[in-house]
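The figures here come from the full heavy-atom set of this structure, side chains too, leaving out hydrogens, waters and symmetry mates.
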There are 2 protein chains.
Amino acid sequence: MSGLRIKYLKPALVAEHLARADALCAATGARLTPLRRRVLELVVRSGRPVGAYELLDQMRACGHKGAPPTVYRALDFLQQQGLVHRIAMANAYVACSHPGCDHHALIFVCTECGNALELEETQVKASVAARAEAVGFRVPGQPIEVAGTCPLCQEGRP
Amino acid sequence: MSGLRIKYLKPALVAEHLARADALCAATGARLTPLRRRVLELVVRSGRPVGAYELLDQMRACGHKGAPPTVYRALDFLQQQGLVHRIAMANAYVACSHPGCDHHALIFVCTECGNALELEETQVKASVAARAEAVGFRVPGQPIEVAGTCPLCQEGRP
DNA sequence: AAACGAAATGTTATATTATAACGTTTTCAC
DNA sequence: GTGAAAACGTTATAATATAACATTTCGTTT
């Protein structure tokens, strides 16, 4: 991960994302508390996978006195609600781009810049499911991470 | 990960695996030193994904005075040679089941027992490649991790 | 064989990521 | 209001991984 292109989402898109989260949680009875909502907002605003301690620093920069468990608990909740995905290969967390739907099957992660692209997808999902069935594995609908190089980083731009 | 079934490979299979590694490294000029070979042997013998510190403990149990970098460097080398895969979701390392071929495309990882199953695969690989091309991502041939539950763990056996 | 440079290994310290454990506060149902 | 459960605060620590630099080994050249 060399040049970490910063990529903040437009405020309007952030607001829209949060509103959708509000609606989803209201529908399921899950409690999107101010703290959890704040963490989600930070993840959404980043527009890319961010580390837990990065989020913690941002919380602190905004005056919040928090420790790691604060962030990790919020992230756990957000993952359970399908609002955030954990990218294992990057030890990072990214906002789900289609919360509410469970079409999300594929996340391309750029090993150069750290950005990620989540796709709605059926073909890969289907072929994985077929293969899983063949060997007796049961696979839940979690997104699949694929490492690669994004278009921008392929052009030599760091 | 509840019941961690122990699953040691038969000595004959371990020897065969190591011999193949010897041959591959001899062919490419890579130096499979005693230390690296020892680490590979431990990974192969485990027959499942193992943590770096687990390997370190085994090294120490056999009288080797080593520190983390020792194991991590050996693992880095083995990964470069395609002899070992890192399972990011488990922070663990597993022997490649088809070293030398690059058919490996898919690794099912059981979140219950921690075992993994590596498959030679073309369908998933092809659909991922198609999707990657559509969005401009370049994806190297690294195996794809898929979390799930293995047949044994589905039967209630921990 | 001696000397050199590069690769590998040893060693110490520390960074990074994540969770355990327990106390306090808030929230909600009754 | 009261009690139980959920959420949050706080401290400490576990688990994973790497930085930095010294030493040794190895292959090559002289």
Quantified as the angle between the terminal helix axes (five pairs each), what is the overall bend of the helix from C:dA1-D:dT30 to C:dC30-D:dG1 to 10 degrees? 30°
Separation of C:dT17 atom P from A:Ile87 atom CD1, nearest Å, is 14 Å
Is B:Pro99 close to B:Leu83 at the side-chain level, that is, under 4.5 Å between some pair of heavy atoms? yes
Name all pairs fulfilling the side-chain hydrogen bond (donor to acceptor under 3.5 Å, both in side chains) condition that reach into residues 74-86 of chain A, sequence neighbours left out, sorted by first residue then second. A:His85-A:Glu118, A:Arg86-A:Asn91, A:Arg86-A:Tyr93
So does B:Arg131 pair up with A:Glu120, basic N to acidic O under 4.0 Å? no
Phosphate OP1/OP2 of C:dT11 contacted by B:Thr70 side-chain N/O (<4.0 Å): no
Generate the contact string for nucleotides 16-28 of chain D. Rules: B means base contact, S means sugar-phosphate contact only, - means no protein heavy atom under 4.0 Å. BBBBB-----S--
Going by the angle between their ring planes, with limits at 30° and 60°, are A:Phe137 and B:Phe108 parallel, tilted or perpendicular? parallel
Figure out the CZ/C1' separation between A:Arg36 and D:dC8, and round it to whole Å. 9 Å
Is it possible for you to say whether B:Val124 and B:Met89 belong to one hydrophobic cluster, with membership spreading through side-chain heavy-atom contacts below 4.5 Å? no
Hydrophobic cluster identity match, B:Leu42 and B:Leu32, side-chain contacts under 4.5 Å: yes
Is it true that B:Leu40 and B:Leu55 fall in one hydrophobic cluster, defined by side-chain heavy atoms closer than 4.5 Å? yes
Quickly work out the A:Gln79 CD to C:dA18 C1' distance and round it to whole Å. 12 Å
Is the CD atom of B:Glu41 crowded by more than 12 outside heavy atoms at less than 6.0 Å? yes
Atom-to-atom span, CG of B:Leu55 to C1' of D:dA15 - whole angstrom: 14 Å
Flag yes if A:Leu117 and A:Val109 sit in one hydrophobic cluster, no otherwise; membership is Ile, Leu, Val, Met, Phe, Trp, Tyr, and two members link when side-chain heavy atoms are under 4.5 Å apart. no
Taking CZ from A:Arg38 and C1' from D:dA7, how many angstroms apart are they, rounded to a whole number? 18 Å
Nucleotide D:dT10, atom C1' - distance to CG of A:Leu56 in whole Å: 13 Å
Using a cut-off of strictly less than 4.0 Å, decide whether A:His64 has a side-chain nitrogen or oxygen near OP1 or OP2 of D:dG9. yes
Atom CE of A:Met59 to atom C1' of D:dG9: distance rounded to whole Å? 12 Å
Grab the CZ-C1' distance between A:Arg60 and D:dT10 for me, whole Å please. 11 Å
